[in-house]
Protein chains: 2
Amino acid sequence: MNPASPRITINDVAARAGVSKGAVSMAFNNRPGVSQATRQRIFDVARELGWTPHQTARSLSSRRVDIVGLAICRPARLLGLEPFYMEFISGIESVLAERSCSLLLRLVRDLREEITLYEGWWRGKMIGGAILVDFHDDDPRVPALRAMGLPAVAVGHPSLTGGFPSVWTDDATAVAEAVRYLAALGHRRIARVGGPAGLGHSGIRGAAFGTAMAELGLDGRRQVATGFAGEDGARATRGLLLTPDRPTAIVYDNDIMAVAGAAVAAEMGLTVPDDVSLLAWDDSQLCRLTHPPLSAMSHDVHHFGGEVARALFGVIDGSGGESLQVPTPSLTPRGSTGPPRR
Amino acid sequence: MNPASPRITINDVAARAGVSKGAVSMAFNNRPGVSQATRQRIFDVARELGWTPHQTARSLSSRRVDIVGLAICRPARLLGLEPFYMEFISGIESVLAERSCSLLLRLVRDLREEITLYEGWWRGKMIGGAILVDFHDDDPRVPALRAMGLPAVAVGHPSLTGGFPSVWTDDATAVAEAVRYLAALGHRRIARVGGPAGLGHSGIRGAAFGTAMAELGLDGRRQVATGFAGEDGARATRGLLLTPDRPTAIVYDNDIMAVAGAAVAAEMGLTVPDDVSLLAWDDSQLCRLTHPPLSAMSHDVHHFGGEVARALFGVIDGSGGESLQVPTPSLTPRGSTGPPRR
DNA sequence: AGCCAGAGGTGAACCGGTAAAGTGCTGGTT
DNA sequence: AACCAGCACTTTACCGGTTCACCTCTGGCT
């Protein structure tokens, strides 16, 4: 099918341009040592021959890799990804592309598999760095990845990421804002549907929720820890709305659960927001597609992803290493929140 | 941070095991030429030293790459991906993982960028093959990728993919089934909200829709070509429902547009399915999260992705090359379709 | 004239593997 | 005894770049 395709190498370019391959290499890495004229001639020849440096060879000798790894850990059952990740990935990509880097993506089933994967990637020098998401309490990835010396940035509050530089949003403050907003509307029974109990940011949000409710003299114990899938959100919502003194407002940890929650309310004959107010998180396009559109704690996930990529570059080439806080999610009121019915 | 990390190479393993590096290489590629005993000793030493073959070096000399590329082309505005792609990607991954291959993902803004990207990836030997999606009429990728000799499989009807082996579903039949189902329910004014006009599978579905409607003696011209984003679906739906003899049933080209359509119906005070029936495509978890849940033409997107990956392996190692049809999307009736109101 | 600095290269030694040809030994034939 | 096949390795030549020590001019200064 593609027989004897005579691969063009740096040697061909060098020969044709009448220089040594060292010169070609210098020219292509814009390093000093070649005159402007020669440089130009080299480029011309390269274009003419259609030559591009062989990335594999390049990274073998320069010990640099233009690939970063991202493993996302979801149970097998939950096949797709949340909208959050799609936007997040596209944000990462946008910055990676600036440096013509690429993203190596893999979905894994558990943290052990994730560690093994990173180990293979790193030891096999497939990636130059990694992006770590979804931190758990006492996350086993921290010691493992630290031991192997993999450059990485974490997504999550610095208190969770075991010393890895992280990019994070102030979820605690955002939760407090959400709670105060709902309380100001007149809600007193506010519930929260969160992610899995062991997950770091769920913990932070859960605690912040409790504190904020307590400060207002309200009962902050209406919290459910569940998965992140829509069905989890549906089940949790159903449970909450069937309790005797059911909440009049529910805060969700992502948007897909909130959408599911809205459907459950409809199915139970409850009107949003009169009977129950719903507040989503992560505000993807999903929130604008329901009726009523969902109020959300929104943040620029695309930008977030970009900052993560930038931070990773900092770590990889040693110029960075500090954690970075990106803007706190802010309330975007839409139709799904309002004063509770008298 | 990670100073003088003494990289362990095949030489260290060879030395410690008292053999040549050739022997280690053979052992690790389970090639004949090493005795069982030696083989075992080599493995033991490798484990002890924590050595894994350096992928970059390996692929430099073996001219094999364990990475496949996937570029997805979306306008910048549409930041996230559709649920379809998430499931599709996870399906690809599941098969790639069997061969410890990885997926290199990139979001691009247009086909020119996509071609350039593939060219860089292929010439730089970063990828061993590629997956091509979203074929257009006279797709410029076909001649370009063919010229560079990149092994690739296409997603889409063979008539669209310009000779690239493809994996595809019989959309035409599925559309016909959808139309006949709605007609059987009593609908006579059926509309379709499709993807962009130039997109190959939109064309196929559009034509099939027209044919199926004509066969039933119905007017098949109620079709809108739009984007794939929720907002596109919302706008299209609004347009359709505001026409004087508005449709009583709408078929969508994906699920996110259908969800948006449901919201529009609600916003206009129309009841689903009494006033208008909605039928989605691609059936992700989204369809089960609305109220009423959306009927859909569903197919196993995860499995679809897996077959695509398998086909690509076939192309790469020359054992395959034929197109493969996967099961036709089948109707999954839920709450969003029903007889039209009298 | 003699000396030196620096620009503009060259050439060879890597990087860490794979592949194919070569070597030494053993055992079975004729 | 001579010969040969086959196993179990070893040796060596790559793969296609980067890097660095070293060479060769040229021009300026004393």
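Keep in mind that this is a model prediction, so the values were computed, not measured. All chains are named by letter (A, B, ...) in the order of the sequence lines, taking the proteins before the strands, and each is independently numbered beginning at 1.
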Problem set entry | B/Asp12 CG - C/dG16 C1' separation (whole Å) | 11 Å

For this session: Could you tell me the separation between the CZ atom of B/Phe28 and the C1' atom of C/dA19, rounded to a whole number of Å?
Result: 18 Å

Problem set entry | Proximity to the side chain of A/Val19 - top-ranked nucleotide from D/dT19, C/dT10, D/dC9 | C/dT10

Exercise. Out of D/dC9, D/dG16, C/dG16, which has the shortest distance to the side chain of A/Arg7?
Worked result: D/dG16

For this session: Can you tell me the distance, in whole Å, between the CG atom of B/Asp66 and the P atom of C/dG17?
Result: 15 Å

Exercise. Whole-Å distance between C/dG16 C1' and A/Arg63 CZ?
Worked result: 9 Å

Problem set entry | Nearest-Å distance for atom pair CG/P, residues B/Asn29 and C/dA20 | 13 Å

Exercise. Checking all strands, does A/Ser25 fall into the base, sugar-phosphate, or nothing category for heavy-atom contacts under 4.0 angstrom?
Worked result: base

Problem set entry | CG (B/Asp137) with more than 12 external heavy atoms under 6.0 Å | yes

Exercise. Out of D/dT18, D/dT10, C/dG16, which nucleotide sits closest to the side chain of B/Met26?
Worked result: D/dT10

Seminar exercise, completed: Comparing B/Ala57 with B/Gly22, nearest DNA chain C nucleotide closer to 5' gives the residue B/Ala57

Exercise. Does a side-chain N or O from A/Arg58 land closer than 4.0 Å to OP1 or OP2 of D/dT18, or not?
Worked result: yes

Exercise. Base, sugar-phosphate, or nothing for B/Asn11, non-hydrogen atoms under 4.0 angstrom?
Worked result: nothing

Exercise. Any side-chain donor-acceptor pair under 3.5 Å between A/His302 and A/Ser90?
Worked result: yes

For this session: Would you kindly give the CZ-to-P distance between A/Arg123 and C/dG17, to the nearest whole Å?
Result: 12 Å

For this session: Give one of base, sugar-phosphate or nothing for B/Arg39, where a contact means two heavy atoms less than 4.0 Å apart.
Result: nothing

Seminar exercise, completed: Rounded to whole Å, the CE-P distance (B/Met126 to D/dG16) equals 16 Å

For this session: May I ask you to evaluate whether A/Trp51 reaches the phosphate of D/dG17, defined as a side-chain N or O under 4.0 Å from OP1 or OP2?
Result: yes

Problem set entry | Euclidean distance, atom NE2 of residue A/His54 to atom P of D/dC14 [Å, nearest integer] | 17 Å

Exercise. Is A/Asp317 atom CG crowded by more than 12 heavy atoms from other residues, nucleotides or ligands, each under 6.0 Å away?
Worked result: yes

Exercise. Touch check for B/Thr38, heavy atoms < 4.0 angstrom, all strands: base, sugar-phosphate only, or nothing?
Worked result: sugar-phosphate

Exercise. For the residue pair B/Tyr85 and B/Phe88, does the interplanar ring angle fall in the parallel (under 30°), tilted (30 to 60°) or perpendicular (over 60°) class?
Worked result: perpendicular

Exercise. Just to confirm, is there a sub-4.0 Å distance from OP1 or OP2 of C/dT18 to any side-chain nitrogen or oxygen of B/Ser61?
Worked result: no

Problem set entry | Carboxylate-amine/guanidinium proximity below 4.0 Å for A/Glu48 and A/Arg41 | no

Exercise. Under 4.0 Å between a side-chain N or O of B/Arg64 and OP1 or OP2 of D/dC15?
Worked result: no

Exercise. Quick one: the side chain of B/Lys125 and the base of D/dG16, do they pair up donor-acceptor inside 3.5 Å?
Worked result: no

Exercise. When all nucleic acid strands are considered with a 4.0 Å heavy-atom cut-off, which category describes A/Thr56: base, sugar-phosphate, or nothing?
Worked result: nothing

Seminar exercise, completed: Quick note, A/Ser35 side chain, CB onward, closest among D/dC9, C/dG8, C/dT10 is C/dG8

Exercise. Counting any heavy atom closer than 4.0 Å, what does A/Val24 reach on the DNA or RNA strands: base, sugar-phosphate only, or nothing?
Worked result: nothing

Problem set entry | Any donor-acceptor N/O pair under 3.5 Å between C/dG16 base and B/Lys21 side chain | no

Exercise. Looking at A/Phe135, is A/Arg141 sitting on its ring face, NZ or CZ under 6.0 Å from the six-membered ring centre and within 45 degrees of the normal?
Worked result: yes

